[in-house]
Amino acid sequence: LDRICQDLGRKLRVYIQLNLAGESQKSGIDPQELPELVDSLDTTEALKLEGLMTIPPYDENPENTRPYFRRLREILEEINRGRQQPLTELSMGMSHDFEVAIEEGATMIRVGTAIFGQRAG
């Protein structure tokens, strides 16, 4: 991505997705791998690491997603302790749990279902 963006003369804002619940059907890295990836992204010319994101296990009760959102915020705070340029963004929360995500520090939420309705299939 860095090379392609450099070739195009563009900058790309990126987020790292963490799989905090270890769900095999979801993407994202293990939190243990995060420091190495952050260090690697910090050496790129065209990629600008903005923050972290996660998608917790679905639960009808939004309160049950709170520990995942809280953990992501804590991880961001841990990473920022040693950074000159702090990461500022937390992308977490969807239509059914965005209020809890905001309470835990979300700066970006995904609410497509609330706007467009349930997807077919």
Side-chain angles (χ1 to χ4, degrees):
L1 282 175
D2 186 50
R3 182 188 51 76
I4 292 168
C5 287
Q6 287 181 55
D7 290 348
L8 295 172
R10 299 203 45 206
K11 301 283 185 182
L12 186 64
R13 297 170 33 206
V14 296
Y15 291 71
I16 298 173
Q17 181 169 328
L18 279 75
N19 187 342
L20 295 177
E23 294 178 282
S24 61
Q25 72 274 22
K26 290 192 180 153
S27 297
I29 66 168
D30 182 282
Q32 299 297 327
E33 300 170 9
L34 183 61
E36 184 178 346
L37 183 53
V38 167
D39 289 345
S40 178
L41 283 167
D42 283 345
T43 66
T44 62
E45 292 181 35
L47 304 180
K48 180 177 185 317
L49 180 58
E50 299 268 323
L52 307 176
M53 64 182 290
T54 196
I55 302 172
Y58 181 82
D59 196 296
E60 290 287 329
N61 181 352
E63 279 301 318
N64 293 334
T65 61
R66 186 179 297 278
Y68 298 98
F69 299 148
R70 179 172 293 142
R71 181 66 187 129
L72 191 68
R73 178 179 41 80
E74 291 169 349
I75 290 170
L76 182 83
E77 291 168 355
E78 289 170 23
I79 286 181
N80 280 342
R81 282 191 195 108
R83 293 184 64 81
Q84 290 181 339
Q85 293 275 330
L87 304 179
T88 58
E89 304 300 321
L90 283 173
S91 176
M92 54 189 192
M94 298 173 118
S95 293
H96 70 286
D97 59 7
F98 71 89
E99 291 161 324
V100 172
I102 291 169
E103 290 170 0
E104 290 298 334
T107 60
M108 183 179 294
I109 56 172
R110 298 172 302 281
V111 291
T113 300
I115 296 168
F116 301 109
Q118 199 70 26
R119 284 184 258 173

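Every heavy atom of this structure was used, including side-chain atoms; hydrogens, water molecules and symmetry mates were not. These numbers come from a predicted model, not from an experiment.
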Crowded around Leu1 CG? As in, over 12 foreign heavy atoms under 6.0 Å? no

Closest contact, heavy atoms only, Leu87 versus Gly51: CB-CA, 4.2 Å

Could you go through Arg83 and Val38, starting from their C-alpha distance and side-chain angles, then the distance that decides it, and tell me whether this counts as side-chain contact (heavy atoms from CB on, under 4.5 Å)? CA-CA 10 Å; Arg83 293 184 64 81; Val38 167; 3.3 Å; yes

Ignoring hydrogens, what is the shortest heavy-atom contact between Ile55 and Met94? Give both atom names and the distance. CG2-SD, 4.2 Å

Just to verify, what does Ser40 make a side chain to side chain contact (heavy atoms under 4.5 Å, CB included) with, not counting sequence neighbours? none

For Thr54, does its backbone N or O pair with a side-chain atom of Lys26 as donor and acceptor, under 3.5 Å? no

Min side-chain heavy-atom separation Met92-Ile109 under 4.5 Å: no

Sole residue of Leu90, Leu20, Ile16, Asn80 in side chain to side chain contact (heavy atoms under 4.5 Å, CB included) with Ile75: Leu20

Which residues pass the side-chain hydrogen bond (donor to acceptor under 3.5 Å, both in side chains) test with Glu63, not counting sequence neighbours? Arg66

Under the side chain to side chain donor-acceptor pair (under 3.5 Å) rule, what do Glu23 and Asn19 come out as? Steps first, then yes or no, please. CA-CA 7 Å; Glu23 294 178 282; Asn19 187 342; over 6 Å; no

Judged by atom type as modelled, is there a donor-acceptor pair below 3.5 Å linking the side chain of Arg73 to the main-chain atoms of Glu104? yes

Among the clusters formed by ILVMFWY side chains lying less than 4.5 Å apart, do Val111 and Met108 turn up in the same one? no

So which atom in Val100 and which in Phe69 form the shortest heavy-atom distance, rounded to 0.1 Å? CG1-CD1, 4.0 Å

Look at the side-chain heavy atoms of Ile, Leu, Val, Met, Phe, Trp and Tyr, link any pair under 4.5 Å apart, and say whether Leu34 and Tyr15 land in one connected group. no

Just so I know, are the side chains of Lys48 and Leu41 near enough to count as touching, which here means a heavy-atom distance under 4.5 Å? no

Derivation and outcome, side-chain contact (heavy atoms from CB on, under 4.5 Å), residues Asp97 and Asn61: CA-CA 8 Å; Asp97 59 7; Asn61 181 352; over 6 Å; no

Whether over 12 other heavy atoms sit under 6.0 Å from Gln84 CD: no

Determine whether Arg110 and Met53 make a side-chain contact, defined as any pair of heavy atoms from C-beta on separated by less than 4.5 Å. yes

Nearest non-hydrogen partners of Ala46 and Cys5, listed with the distance: CB-CB, 3.5 Å

Look at the side-chain heavy atoms of Ile, Leu, Val, Met, Phe, Trp and Tyr, link any pair under 4.5 Å apart, and say whether Ile29 and Tyr68 land in one connected group. yes

Residues in ring pair (Phe, Tyr, Trp, His ring centres under 6.0 Å) with Tyr58, at least two apart? His96

Is the closest basic N to carboxylate O distance between Arg81 and Glu77 below 4.0 Å? no

Spatial distance of atom CG (Asp2) from atom CG (Leu47) [nearest 0.5 Å]: 4.5 Å

Check whether more than 12 heavy atoms from other residues, nucleotides or ligands sit under 6.0 Å from atom CD of Glu74, and answer yes or no. yes

Nearest 0.5 angstrom please: Gln85 CD to Glu50 CD, how far? 10.5 Å

Salt bridge (Lys or Arg N to Asp or Glu O under 4.0 Å) assessment of Arg71 paired with Glu78: CA-CA 10 Å; Arg71 181 66 187 129; Glu78 289 170 23; 3.1 Å; yes

Between Ser27 and Gln17, is there a side-chain donor-acceptor contact under 3.5 Å, judged purely by atom types and distance? no

